[in-house]
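Note that the coordinates shown come from a computational prediction; the quantities given were computed from them, not determined experimentally.
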Amino acid sequence: MLTRFTVGNFCSFDKNQTLSLISGSIQNKKERLFKTKDFKLLKFASIFGANASGKSNFIKAMEYAQAAVMVGMEHPLFEVKKYSYNRLSPKNKDKTSYFEFEICIDDEIYAYGFEILIFQKRICEEWLIKLDKNNKDIPIFTRNIDNKQIYFNPEYLTEKNAERMKVYMDDFKSVSKKLFLSEIVSNKEELYRSNPKLIILRKLFAWIVRLNISYPDTSISGYDCFSQKNIDELFNALSSFKTGISKIIPCEISKEQALDKLNAEFRKEIEESIIRACPPECDKNDKDCDQCGFRMNYNGRLIFVTFRDRTPVFTEITFEHFNVPGVYFSLAEESDGTQRLLDLLSVLFIQKENSVFVIDEIDRSLHPQLTMQFIKSFLKLAENKNIQLIITTHESHLLNLKLLRQDEIFFVEAGHSGESILYPFDKFKERFDKKIEDAYLDGRYGAVPLFDSIYTPFDSESKE
């Protein structure tokens with residue numbers, strides 16, 4: 001589960017800004033908190049703000065950090081993103097950008113982060129620290145590329161393999177294009193067999209890779225997909241949201257049929273997704289494959305990729321409307337709202353415990369009542385399942401303290417120099433029964449656009 005995420009010098013963010021999911025002192029709705037031995041964590045967080053305030057940039061920062069772990073700085077993606085530092089100050093081009101996840105794994109909190117010179121695509125520092133609420137933090141590994149220094153905690157190694165780790169570390173002292181975490185979890189089976197404590201590295205890496213980040217136009221989603229066995233549940237859910245769909249038609253197709261008419265770049269992306277979606281540990285138990293998979297939306301088609309004995313299975317989904325038999329509709333023929341709803345329902349059908357979903361602009365293409373109904377459904381689910389959902393939204397109807405806890409609400413607004421500032425709603429110390437939507441729209445909490453006047457084209461004509 002995510003505890004905190006911090007970013008600095010990235011897009012509209014200048015100074016470090018942190019989203020903390022450690023619960024406050026709020027006493028209501030405690031049934032949907034995730035309890036660790038030291039903290040209670042929120043399972044839901046909503047980020048509100050005006051257009052261009054930086055909401056989406058905060059999500060992009062998480063995606064950037066995830067990509068750095070998964071593919072390294074030499075990937076073409078980072079050439080495209082070399083101007084992603086905060087350009088509101090020219091000096092930031094030569095300053096490092098800061099990314100840090102704090103994650104709860106097996107009831108312990110770990111801080112994993114790194115600093116990067118984005119324009120140079122160069123990693124400068126990296127660290128993994130086990131945190132303790134009594135300030136007895138334990139570094140697991142740290143490295144500083146500029147000083148060619150690297151440290152690995154000997155308590156996590158047996159004497160037999162300490163020398164082997166030293167070789168890995170010496171080879172990696174000057175490596176600035178790849179993160180040590182990514183390197184140390186790959187192709188080192190003997191190291192892990194004889195050092196059981198090191199499993200935390202693989203668990204951390206897997207958590208970052210499986211972080212589900214979605215935008216309104218995301219074409220490949222790591223969300224838990226709908227397999228054949230829960231198509232009926234999906235239909236019931238769609239029916240409850242009044243979409244007009246009367247039947248869901250799944251049809252198993254070949255890989256070539258699924259990837260037909262795709263360009264080489266997208267095919268490669270899908271192949272990489274297949275490898276990530278069903279990791280080697282599924283070999284231990286065939287049933288584990290039930291929790292592997294992803295969904296593809298492209299060229300107007302909706303295709304679920306599941307796994308059977310570690311082999312990918314492709315299922316295309318079409319829809320019947322108003323009980324008219326033999327007339328099937330593709331995803332492209334559904335309304336934008338229905339397509340968006342299909343994305344969101346994936347969250348409600350998740351099978352994996354401790355899954356974390358990050359959804360940008362959750363209200364895009366949805367009626368306010370649909371958005372509200374989905375959030376209510378998730379919050380009810382979160383009472384009995386350990387999952388997290390982080391959203392950005394403009395939907396002010398969600399600012400309802402009968403629905404949300406005060407500490408589940410965050411705001412982003414632009415500062416005097418245009419930099420994004422993230423802050424929690426509970427700093428305002430409002431009562432749990434206060435009606436806050438109107439106060440928010442009036443600018444009481446910031447993070448809304450305030451206009452001095454209304455512009456019409458006739459104004460300029462009259463001045464002439």
Side-chain angles (χ1 to χ4, degrees), residues 2-22 45 47-50 52-70 72-73 77-103 109-129 131 137 139 141-147 176-182 204 207-208 211 213 356 358 360 390 392 410-424 427 446-447:
L2 181 65
T3 305
R4 293 187 184 97
F5 178 73
T6 300
V7 60
N9 190 20
F10 181 83
C11 292
S12 57
F13 290 90
D14 186 11
K15 305 299 182 185
N16 286 5
Q17 301 292 309
T18 298
L19 176 73
S20 174
L21 297 182
I22 297 176
I47 304 175
F48 295 80
S53 60
K55 302 185 304 298
S56 293
N57 285 338
F58 193 81
I59 306 305
K60 289 176 182 176
M62 300 178 79
E63 183 183 47
Y64 185 99
Q66 181 188 49
V69 172
M70 290 169 59
M73 305 305 296
L77 167 73
F78 291 97
E79 179 63 30
V80 176
K81 294 180 177 291
K82 65 188 291 186
Y83 294 98
S84 294
Y85 58 89
N86 178 261
R87 288 185 285 161
L88 296 173
S89 171
K91 296 179 180 179
N92 284 338
K93 179 179 179 181
D94 300 314
K95 290 183 178 179
T96 59
S97 298
Y98 186 98
F99 304 89
E100 184 179 67
F101 293 101
E102 286 187 25
I103 306 167
I109 306 295
Y110 299 88
Y112 172 71
F114 42 86
E115 294 190 27
I116 296 176
L117 279 168
I118 285 182
F119 187 77
Q120 298 179 25
K121 301 180 296 180
R122 186 166 70 85
I123 301 162
C124 298
E125 291 191 57
E126 182 184 7
W127 59 90
L128 173 59
I129 299 170
L131 303 182
D137 298 344
F141 74 79
T142 60
R143 70 178 184 126
N144 185 306
I145 290 85
D146 292 337
N147 297 334
S176 63
K177 300 296 184 182
K178 188 174 183 180
L179 291 162
F180 183 68
L181 176 65
S182 309
L204 178 71
W207 187 97
I208 294 172
L211 178 62
I213 300 175
V356 182
V358 184
D360 189 35
I390 300 164
T392 71
F410 298 82
F411 297 119
V412 175
E413 70 174 2
H416 296 299
S417 300
E419 77 283 7
S420 294
I421 301 170
L422 175 68
Y423 54 96
K427 80 171 190 175

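Residues Phe58 and Thr392 form no side-chain contact, since every pair of their non-hydrogen atoms from C-beta on lies 4.5 Å or further apart. With a 4.5 Å cut-off on side-chain heavy atoms, Tyr64 and Ile116 count as touching. Between Thr18 and Leu422 the shortest side-chain heavy-atom distance does not fall below 4.5 Å. Between Tyr112 and Leu179, the closest side-chain pair of non-hydrogen atoms falls below 4.5 Å. You'll find the side chain of Glu125 stays beyond 4.5 Å of the side chain of Thr96, heavy atoms only. Side-chain atoms of Cys124 and Ile145, non-hydrogen and from C-beta on, never get closer than 4.5 Å to each other. The side-chain heavy atoms of Gln17 and Phe10, taken from C-beta on, include no pair separated by under 4.5 Å.
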* To do: Please assess Tyr98 against Asn9 for the test side chain to side chain contact (heavy atoms under 4.5 Å, CB included), listing each intermediate value before the final yes or no.
  => CA-CA 7 Å; Tyr98 186 98; Asn9 190 20; over 6 Å; no
* Please report the C-alpha distance between Leu181 and Ile208 in whole Å, then the side-chain angles of each, then the deciding distance to 0.1 Å, and finally whether the side chain to side chain contact (heavy atoms under 4.5 Å, CB included) criterion is met. => CA-CA 11 Å; Leu181 176 65; Ile208 294 172; 4.3 Å; yes
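No salt bridge links Lys60 with Glu63; every basic N to acidic carboxylate O contact stays at or beyond 4.0 Å. Salt-bridge formation is detected for the pair Asp146/Arg122: a Lys NZ or Arg NE/NH1/NH2 atom is positioned less than 4.0 Å from an Asp or Glu carboxylate oxygen.
Relative ring orientation between Tyr85 and Phe119 is described as perpendicular, the plane-to-plane angle rising above 60° on a 0-90° scale split at 30° and 60°. The aromatic rings of Phe141 and Phe180 sit perpendicular to each other, their planes meeting at more than 60°, with 30° as the lower class boundary. Ring geometry for Phe99 against Phe114 counts as tilted: the plane angle lies between 30° and 60°, on a 0 to 90° scale.
No donor-acceptor pair under 3.5 Å is formed between the side chain of Thr142 and the backbone N or O of Trp127. A side-chain donor-acceptor contact under 3.5 Å links Ser420 to the backbone of Ser53. In terms of modelled atom types and a separation under 3.5 Å, the side chain of Asp14 and the main chain of Leu88 share no donor-acceptor contact.
The heavy-atom pair separating Ala65 from Phe101 by the smallest distance is CB-CE1, 3.7 Å.
Side chain to side chain, Ser56 and Asp360 meet the donor-acceptor criterion of an N or O pair below 3.5 Å.
Not counting sequence neighbours, Arg87 has no partner by the side-chain hydrogen bond (donor to acceptor under 3.5 Å, both in side chains) test.
With respect to Ser97, the side-chain contact (heavy atoms from CB on, under 4.5 Å) criterion is satisfied by exactly one of Asn86, Val7, Ile118, Asn92: Ile118. If you run side-chain contact (heavy atoms from CB on, under 4.5 Å) between Leu2 and each of Leu21, Val358, Leu211, only Leu21 comes through.
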